[in-house]
Amino acid sequence: MLRYAGKRAILAVLVALTVSFAAFLLLSVATDPAAAIAGEGAEPEVIEQIREQLGLNQPLLAQYGHWLSAISHGDLGTSYYWRQPVSTLILDHLPVTLTLALAATFVALIVAIPLGTIAALYPNSTIDRFALTLAVSAQATPTFWLALMLIILLGVIVPIFPISGDATGWNYVLPAIVLGAHSVPAIMRLTRVGVLDVMGSDYIRTARAKGLYGYRLLSRQVMRNALLPVVSVLAVQLGHKLGGSVITESVFAMNGLGRFALQSIVGGDIPTVQMLVVLFALTFIGLTLLADLLNAWLDPRLRLT
Amino acid sequence: MRGGTAHNRVLMALAAVGFAMCGWLPVNAGPANDTMVVAIEGEIPTLDHLYTTARDTITLAELTDDGLFYVDPETLAYVPAAAESYVQVDDTTIDVTIRTGVRFHDGSPLTADDVVYTFSWVLDPDTKTNRGRVIGAWLDRVERTGPMQVRFHLKHPYPLAIRDMAFSVQLRKKGAYHPHGKADPNAQAQMLNGIGPYKVVDFQPGKRVTLERFDGYYADSPKGRPAIRHIVFRTIPDLSTQQAELISGNVDWMYNVPADIASNLGATGYATHLTGPTLRVNFIPLDAAGYTGADNPLTKLDVRRAMIHAINRRDIVKYLIQGDAEVIDSACHPLQFGCEQNVRKYPYDPAEARRLLVGAGYPNGFEVELWAYRERQAAEAVAADLAKVGIRVRLRFVTLTTLNQARKNHRVPAFFASWESGSTADTATIAEVHWSLKSDRNLSKDAVVARQMEAAARTIDAEERKRLYSAALKRIADQAYWIPLYTYSQNYLVSNTLAFPVTKDGLPRLFRAHWRANAVKASN
């Protein structure tokens with residue numbers, strides 16, 4: 001198991017570096033950090049001065065080499081735009097995204113798993129149809145639209161929750177609903193399929209024959225096996241959310257990694273974008289690895305393969 | 001409406017329930033807390049204006065910083081601020097006397113040493129200020145001539161020296177960038193020690209800046225004493241969210257609002273829609289020099305003139321831009337010094353445009369690329385008007401960076417341009433960057449115009465400058481090097497409790513805002 005995890009970790013670093021190099025090339029070609037930093041109406045002299053200051057007049061490979069050399073020494077660089085160490089900036093923005101991602105995942109779980117389970121227990125019933133409709137609707141609803149509707153309903157007309165910012169826990173309620181809603185369909189469907197599949201299996205029949213019914217049957221025998229595929233999907237969903245939700249964070253004016261990444265891309269802030277790309281890649285790979293390990297823990301049969 | 005429809009009653013009941021449930025919801029804006037909350041779309045990365053040219057930071061710097069001079073928003077004239085007076089000793093020497101009683105936010109007095117330190121810091125190329133190169137282009141050195149007197153030695157006569165002292169160089173305390181004896185360009189980025197009417201009490205980069213009125217602000221400042229105690233800048237990237245916060249009473253002021261949205265929300269009565277002019281002008285430079293092909297149609301004078309005749313600029317202003325925007329004929333803003341208005345005019349006349357095209361050898365028109373990075377609707381309206389006379393426009397809507405790169409590589413025959421002149425009411429601020437032979441924005445490469453514009457920027461003789469600009473601008477209009485479009489309008493949305501005087505140059509002076517009398521009474 002340890003060897004497997006080690007291999008995956010090395011693979012993760014290689015993937016992250018490859019992605020960062022691709023991002024660096026694309027960003028260097030597509031943007032002019034000096035012009036972006038100087039602003040729309042800046043004189044050409046100002047732009048040129050910034051270009052020289054940041055070393056952007058050096059060859060691209062040399063620039064990437066400097067960056068690689070610096071991070072190998074633990075120096076994540078300084079943001080062109082914010083004029084602060086990239087490590088400080090990432091640590092400043094991480095808590096918002098982390099909290100939002102976990103809250104959104106929680107929202108998705110408390111809606112999707114009960115709904116999927118009930119839908120499976122009563123297949124083709126009204127509640128099953130309702131769950132299916134909800135799933136399709138949640139998938140089809142644009143994030144920004146849902147966000148604006150919630151703002152109007154629960155922020156303006158009935159001002160229950162704050163509209164924007166990330167100062168208090170209440171600020172996370174609406175964004176978590178918006179972000180979580182997007183994950184509900186996938187988790188709900190997998191839960192439904194998983195529960196249906198398990199409910200038809202021999203060992204459940206045996207368990208029933210032994211007198212195990214209702215909640216005890218569901219919690220002890222059904223869910224543990226039915227939720228195996230959900231764990232993998234959950235890791236992917238959480239990875240997406242930890243990668244930052246640009247739209248949700250922008251609409252709710254939350255200062256998380258998603259909006260920070262967008263600002264950095266628009267501002268041509270190459271050192272910051274580079275580190276964010278590496279961070280996102282590592283997070284994604286890390287979570288996938290975690291999902292594999294969890295699956296192996298939940299299902300001993302997988303450890304043998 | 002007075003009696004309330006069923007729908008409204010339901011909404012009001014819901015709102016009442018909501019308020020009852022949620023008395024904890026923080027509403028920090030408004031006269032009750034004497035706090036004006038300002039919503040901005042962009043983020044403020046640094047408090048130090050010497051290290052950024054971002055628009056929102058300039059608005060902030062008007063509150064936290066003062067320069068030696070100040071632009072009176074009513075007259076657009078330069079008046080002494082931290083300076084008490086100045087004397088133009090000769091073409092390249094300016095003596096400035098510093099005002100007594102000006103204090104930094106840490107309580108220390110402003111002296112000649114601070115002024116010399118600030119300008120020397122800006123002039124030092126190693127300090128990497130954003131304005132260093134611009135200031136260094138005309139300023140040789142600054143010399144202390146007394147405890148409250150300094151002398152500026154210019155490299156050559158420069159008419160915008162006072163303007164640069166007003167806009168570009170905010171004064172710093174001696175040693176401000178040497179907190180531990182070692183030079184640190186970021187020393188003022190997070191916690192600023194300025195001399196402006198407000199001091200920074202909290203700064204969360206990218207999120208908010210909280211300002212408090214500076215009680216030690218000098219009484220005879222041309223900015224006056226601000227009425228509002230606290231101002232909070234909040235970054236809210238989404239315009240819809242800004243509006244929701246404004247309606248909810250959590251935001252008092254927002255700007256850069258599209259005209260239709262501003263007028264719609266203003267009409268609801270939830271907020272007040274204000275509109276005012278800016279010094280921004282929009283225009284389309286044409287490739288008269290033949291960079292995109294020596295024989296391209298735009299190299300022909302009649303074609304360029306036909307293009308201006310073909311565009312219904314008045315309707316574009318009336319229906320798309322709205323507000324205080326106006327059609328322009330000259331290559332500058334009418335409020336700018338030296339902006340000659342007596343130039344050749346091209347009224348909307350599609351028939352004349354067609355006649356000119358036939359005369360130029362294009363009876364069936366031609367195809368041309370128009371590059372644009374902002375105001376898509378206006379660019380499309382221009383393209384539609386040109387199509388009516390046979391000029392088939394391929395609109396290339398790209399990012400500013402892409403446009404800059406394409407222009408640098410001479411791939412742009414015409415581009416939808418916009419210039420704000422750094423809120424400066426002087427033609428020099430739009431002229432040099434667009435007409436210098438070194439500038440890639442200059443698609444005409446007219447040596448006569450370039451020489452005249454440069455000469456006007458190298459003399460302090462106001463009459464001579466006017467004469468030179470007049471000659472150059474007449475030639476530009478005569479040769480139709482640009483399609484001059486319109487001035488721009490700034491739309492603000494403010495809470496109904498706030499009075500905000502709009503400015504002529506479009507640069508918001510938030511220290512002039514105050515609560516309406518009835519709002520203060522109600523909050524008491």
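Order of the sequence lines sets the chain letters (A, B, ...), proteins ahead of strands, with each chain counted from 1. None of the values given here were measured: they were computed from a predicted structure. Every heavy atom of this structure was used, including side-chain atoms; hydrogens, water molecules and symmetry mates were not.
- Counting non-hydrogen atoms of other residues, nucleotides and ligands closer than 6.0 Å to OH of A/Y64 gives a total above 12.
- Counting non-hydrogen atoms of other residues, nucleotides and ligands closer than 6.0 Å to CD of B/E41 gives a total of 12 or fewer.
- B/A244 touches chain A through backbone and side chain together, each having a heavy atom under 4.5 Å away.
- Heavy-atom distances place the side chain of B/R234, and not its backbone, under 4.5 Å from chain A.
- In terms of heavy-atom pairs under 4.5 Å with chain A, the best-connected choice from B/T429, B/D238, B/T46, B/I44 is B/D238.
- Ranking B/I247, B/T129, B/L239, B/N404 against chain A, the residue ahead of the rest is B/T129, based on heavy-atom pairs under 4.5 Å.
- Heavy atoms of other residues, nucleotides or ligands lying less than 6.0 angstrom from NZ of B/K155 number more than 12.
- Neither the backbone nor the side chain of B/Q204 comes within less than 4.5 Å of any heavy atom in chain A.
- With contacts defined as side-chain heavy-atom distances shorter than 4.5 Å, the pair B/K207/A/D166 qualifies.
- Once rounded to the nearest 0.5 Å, the distance linking CD of B/Q190 with CD of A/Q84 reads 4.0 Å.
- Contact tally against chain B (heavy-atom pairs below 4.5 Å) for A/S250, A/S164, A/A253: the top residue is A/S164.
- Looking at B/I236, the atoms closer than 4.5 Å to chain A (heavy atoms on both sides) sit in the backbone and in the side chain alike.
- Counting non-hydrogen atoms of neighbouring residues, nucleotides and ligands closer than 6.0 angstrom, the CG atom of A/L98 exceeds 12 such neighbours.
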Using the side chain to side chain contact (heavy atoms under 4.5 Å, CB included) rule, take B/S248 and A/I163 through it: C-alpha gap first, then chi angles, then the decisive distance, then the call. CA-CA 9 Å; B/S248 303; A/I163 293 168; 3.1 Å; yes
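- To the nearest 0.5 angstrom, B/T235 atom OG1 is 14.5 Å from A/M254 atom CE.
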